[in-house]
Every structure is written in C-alpha cells, then in structure tokens.
There are 2 protein chains.
Amino acid sequence: MVQRATLTQVAQRAGVSIASASRALNGLVASPATVEKVRRAADDLGYVPDASARALKMGSTGQLTFAVDDIGNPVYVEMMTGVQEVVAAGGYRLQVTSTGATSGPHSVLDLIRNLRRGYADGLILSPLRVTPELLAELAATPVPVVVIGRLPQHAGVDTVMTDSALGVALAVEHLHAQGRRRIAFLNGPGDTTPGAARRRGFDEAVAAHPDVVASTHEAVDFTMSAGREAAHRLLDPTGRSTTAELAASPGTPDAVVAANDLLAIGALHAAHDLGLDVPGRLAVTGVDDTSLTEIVHPSLTSVSLASRRRGQLAAELLMRRLEDPARAPQVLSVPPLLQVRGSSTTTAGIR
Amino acid sequence: MVQRATLTQVAQRAGVSIASASRALNGLVASPATVEKVRRAADDLGYVPDASARALKMGSTGQLTFAVDDIGNPVYVEMMTGVQEVVAAGGYRLQVTSTGATSGPHSVLDLIRNLRRGYADGLILSPLRVTPELLAELAATPVPVVVIGRLPQHAGVDTVMTDSALGVALAVEHLHAQGRRRIAFLNGPGDTTPGAARRRGFDEAVAAHPDVVASTHEAVDFTMSAGREAAHRLLDPTGRSTTAELAASPGTPDAVVAANDLLAIGALHAAHDLGLDVPGRLAVTGVDDTSLTEIVHPSLTSVSLASRRRGQLAAELLMRRLEDPARAPQVLSVPPLLQVRGSSTTTAGIR
DNA sequence: ATGAAAGCGCTAACAT
DNA sequence: ATGTTAGCGCTTTCAT
C-alpha cells in the first residue's frame, strides 16, 4: 500500500504547469524537452491518473457492465467471452455482475438504477424475465443498454436475439426423424422469456406431427437439480414403478426435450436413477450447447444458440451506440443450430 | 435513455442552496420543511447522485473487485458466491473480472495497475502464479488487497489459505485404505502455486507408503481437455494398447489423483475412452469439490477446499482492513475435507 | 438551520 | 509551446 501521486505533484517535480503536464502525458502539443521532464517525474512518482477525476471531467468512465442472472450457468460464461473480446478491442474495461435472484437485494433493477449514477458507460443485459418495471427502468436509464434476449417491439432498445422456438423445433424434428413418438418437453419456469419461447416452439413443432404424443412439464428453475426432480415426476409419475415397468410402459416417453443443458443433464441423471437407458430407451436433448454437453455420458445433443457470437454482437451494438447515441435501435438475430451427440442417436451412442 | 439531473437542479427546483439540498438528501441537519421540498424536487427530477463526483470528493468508490483467472472454473464461481454475500452485507458493490491468461492484455498485473487509478476501494485476488512482478505490484498498490492462496511469508498481505497439500494427502490415504497401490498423480502446471503445493502433498503422502508405486504427470493447464489428454498418455503410454492389455497390465495405475475436478473429469473421460472401468479397475479423485462432481457418472470423489467459505473470509478480511488500514496483516486458513463419492469406492460405485 | 465558498484531480478552452 | 483559469458534481467547512 502506497500513497497516490497527483498531477499537480508531477507538474511541480517537472517544473512545468499542470496543464503542460497533462498535455505531455496525453500526447498533445508539447516540446520534446517537456515531455521528457514530465514523463520522468511521473515515473519517479509512480503517477497514474485518477479514474474518478477523469470520469468526472470527461463524462465517461471507460467501463462497461455485463449483467447476467446466474454466472453459474456456463452459457453466460460463453456469452461473456464474446463480449469481452469486442469490448477489450474497443479499449473499454468490462465488469461482470451476477444479479442472482431477480428480486433480491442485487436485482437487475437495482443494477440499472446504480448505473444511473454513472458507474459505467454502458450495459449489456441478458434478462430471464422482462417485466414492466424492467422496461421502465430501461427507458429511464441515461446510459445505453443492449439486451440479449427478446423485447417487446416498441421497446426501442438495441437487441440481439435468436429463435429459440425454432431451436426447440429443430430438436423435435430430429427426434421424430429418429423414430421417437412420445416426446416430453422439460421446461424451466414458463413465465420467463426463454421459457415461453421454447414452450411455443415445442407446441408448434409437435402440432405438425399428429403421430406424436406430447406432454409438457416445468421445473422450478433452469438448474440441474430442478431438472432432475421434474424429470423424475415426468418419467415416473407414481414414483413407485420398477425399471422394467417404466421401460415397458407406453406411458413413458421415449424422448425428453429439455429447455436448456442444465435441465437436460438433470433428466440424464433421472433416467439413470430410474434405470432407463439413454439413448436406447430414452433420448435427451438440451439447449445452449454449453461445454457441459461434452462432460456427461452419453454426450448431450443440444441446440446451439451461438452464445459467444451473441455476446460479440451485443458488444458491437453497444460500442456503435456509444459512438453515435442518435442512431436507430437495431435488432440482430442469430439462427439456432442443432448439435447432434450421443444422447439422442442410438448409433452415435455406441462408440 | 434520459438526461441526468444534478444536485444544482434539485436545489434550484426546491428553492434552497445546493448545500442544503446535499444535507437534506444525506440525512444531515435540515429542517423537516427543507427535507420535504428537496426530496420532492429530487423525485420529480429522478435525481441520483453522480458516482464519479462523489468518489472524487469522498476518496472512495464503494466498489470492490474480485479477480479470478478463469471464471469458467466453477470453483471460482463458488468463491464469488461467498465473497458476494459478505460484500453485499457491508454495503459495497462487487465487480468481477476474469483475467484469463496471466500474460494477456488483461493480465492480473494490468488489473492491479488499473486499480491504482481508483476504480475500486479494494481487491480480492486468487492468483494461479505468484510472480515477483505480482508481489511488486501488490506492494505498490494504494488499495487494500486480500489474496486467496499462498504467499511468501514476508508479503505482509491479508491472506486466506488452505492446506491443499494435506488435501491431496487425504485423497492418497483414502485410496490406499481402499487397497489401491499404483497411484498416479495428474497435476496441472507445476509452476503454479496450487500445482506446486499439491505435488508436494502427493510426494509426501506416497513416501509414507513404501508399498505404493507412484508416478506424476502434468497437464498443460487446469482444464478438462488438458486433463483428458494427459490422462491418455498416463494410462496408455504407447497409445496403442487394447483395453484388455491395459486392464491386465501391472503398469497401468489403479488410481488417479487429479489436482482439481476439471482434470479429474478429463481423466474420467480418458478412462472411458480406453474402456477402463471406474471405479472397478481405476479409481479417480479430484480437488475443489465443485458442482461438477455430481454431474459426472460415477460421481467424483473430491477434496473440498471450502471455496465459498474462503471467499467469505477473504471478503471479511478486506472489509476489516478498509475500516482500519493500519491493522496487522492476517493469515487465515481453512482445512481440507475429503468428500467420498462413487469414483473411488467400488461399493459406492454401484447403486 | 441555512448559504457561500473551497476544493477533490483532472482536462480544455483561452490567452500569451 | 506553455501558463492561467474555469469547471465537471459533489461534500463540507465556515460564517451567519
């Protein structure tokens, strides 16, 4: 721990005015001699400009914020990677905030309110739920916000979205092509934006196939443990069937489409608990195509939503708006892509 | 997006001086009438104080930083949870930075240098490598730093450590008690602090057992893919043996002690690739006891290093130092604890 | 209880 | 090319 030097001290030591010192340090007009003197003085003193003073004067902090609901979900880590790449290239520093529960003391709303104090020059946000309060807060914020997700048309906010409904449909089509006909949908909370979209995608996809027997189930959140629990109820409603009974029963689904990878892995565990072979008796698919797909066995078929790419695009939108605050809000979209792995294909399941 | 109001505007609207407005808003001496007027004006204008101006005047930002090498490793997410709990309770806001590669453009060193600009009031750091440069930067920083990890004695920095050498020894003892005698150590880079400590723990533990045949191997980093690759070389040195040959060979280890969970899961995959049964033919243990231990099958025996608790303790140390910068540096330690699961016990492996 | 004014550290006119 | 000065928005003496 050490005392900080101010520009005044540097100027004094260099024997020049504070203005000259500032100019020399910032590469503006200054004689080589002055630059040399000032630079040496700054080095001697270990001078670094004060962020608060600079921000106050310049009206910007050089800092950007990325806010996610749950940094424990690898999909957000991947998004962050994409954001970080672009943000760093643009000369900004990135800070990450995990808002956790949407209503806690560190809710997204508090975060945006805090942003109005000027902690950062911009925000990238990937909200699970888009409430009227959130939209109001978004409209009232003095710093640019880019949302990764889906917003009402009139929101007038830069947005990067994807078609996760189509993504789920891709999974259903794939399973149908593999001969699966009793397909269960394992959703997260239906009142979330992704929950609603994926549910819609599932409903529409199975509606196109009259030969499919479909059912829908909701886990309490998008986590593995919630998925495991919900999948248990889904696969073994009475909670007391034997493996043989379950496997033989036409009531037991032959495929589970989960709304994200965490839920899908929960389903994988439930299937194992109940002795149902994956993919032999039961196929499982996820959404997000996170690194977890390769961690489990069999590896998990999953719909890629190009998280890293979405992060990059969001960061690019933000930087562009920072340059030109008046430009029209833009909505970008990336297509989903099914990644087939062992959990849904009997042939690929055996190596 | 919206314009920000300043205190001056609030004061004007309330018909009082800027000083009175400040006092009223901050709950200092002010008549009820003034408080009422000012509060109303502030509400009307949607006033929030400017963070930069406040920080410049007060000399502190109310912000703390938590820096980790790789936010993709769940152990850091867990640490962060602990940090966040304490930091929030203390009224500070937390920002997280993933420094990635130690030498990249966003290295820890840059981070600490940035901190000298006054972006945050304090830093919690969990470095993989403790270089002389890092120590120098630590000594020169004007804001308090707490390190989670191990530092040279003379560093004079608040530290939260654990005995990961003992942790690895715990794993070795457990495996020995289970009858394993050909134990391989799968380390990460040996030039890292945890790498060195865990290596030492392994060497000492096996030295106490003359009947153990030990070997040591290094992965290029602490990731799953590096672990898988290194485990392949470890289990199948020629790269062309059949499963039967490997299983029958006395040269093939009957246990792998990995230096963290990611490496251990890599080893699990390598074992599966090669057809070696876990835990039947090969036991595997990890370190960190992350959530990943429950994701894999068989579930992973792992040494808990109480990551969340260490995060809490680090945050408490930091807050205490913020209150009293003069207090003597403190070193806290938490003990390791072995969590036995399916990957190391033949009985527990069969459910 | 309230107002006037100084000043945190810095940058950017403006003048020389 | 360099120095003087105003001022970013806020808190806090110091008078009154």
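Lettering of chains follows the sequences in order, A, B, ..., and the numbering in each one begins at 1.
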Where do N or O atoms of nucleotides 4-8 of chain C meet protein N or O atoms at under 3.5 Å, pair by pair?
residue	atom	partner	partner atom	Å
C:dG7	N2	B:Lys57	NZ	2.8
C:dG7	N3	B:Lys57	NZ	3.3

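Across its full length, the helix from C:dA1-D:dT16 to C:dT16-D:dA1 shows an angle of 40° between the axes of its 5 terminal pairs at either end, rounded to 10 degrees.
Closest of all the heavy-atom pairs between A:Gly156 and A:Pro329 is O-CG, 3.4 Å.
Legend: salt bridge (charged side-chain N to carboxylate O under 4.0 Å, His left out) pairs involving residues 324-333 of chain A, not counting sequence neighbours: none detected.
Near DNA chain D, meaning a heavy atom under 4.0 Å from it, residues 24-40 of chain A has A:Val29, A:Ala30, A:Ser31, A:Thr34 in order of number.
Remark: side-chain polar atoms of A:Asp158 are not paired, donor with acceptor, to backbone N or O of A:Leu317 under 3.5 angstrom.
Partners of A:Arg23 under the side-chain contact (heavy atoms from CB on, under 4.5 Å) rule, at least two apart in sequence or in another chain, are A:Ala19, A:Ser20, A:Leu28, A:Val29. By the salt bridge (Lys or Arg N to Asp or Glu O under 4.0 Å) test, A:Glu137 is found to be paired with A:Arg113, A:Arg116, residues two or more places apart in sequence or in another chain being considered. Looking at residues two or more places apart in sequence or on another chain, you find no salt bridge (Lys or Arg N to Asp or Glu O under 4.0 Å) involving A:Glu133. For B:Asp70, the side-chain hydrogen bond (donor to acceptor under 3.5 Å, both in side chains) criterion is met by no residue, not counting sequence neighbours. Residues satisfying the salt bridge (Lys or Arg N to Asp or Glu O under 4.0 Å) criterion with A:Arg4, sequence neighbours excluded, are A:Asp50. Residues passing the side-chain contact (heavy atoms from CB on, under 4.5 Å) test with A:Arg39 are A:Val35, sequence neighbours excluded. Residues meeting the salt bridge (Lys or Arg N to Asp or Glu O under 4.0 Å) test with A:Arg13, sequence neighbours left out: A:Asp44.
A distance of 6.0 Å separates CD1 of A:Ile71 from CE of A:Met80, quoted to the nearest 0.5 Å. To the nearest 0.5 Å, atoms CG (B:Leu134) and CG (B:Leu125) are separated by 6.0 Å.
Taking every nucleotide of DNA chain D with any atom under 4.0 Å from a non-hydrogen atom of chain B, the first and last of them, 5' to 3', are D:dG9 to D:dT13.
Rounded to a whole Å, the CG atom of B:Asp50 is 17 Å from the P atom of C:dG9.
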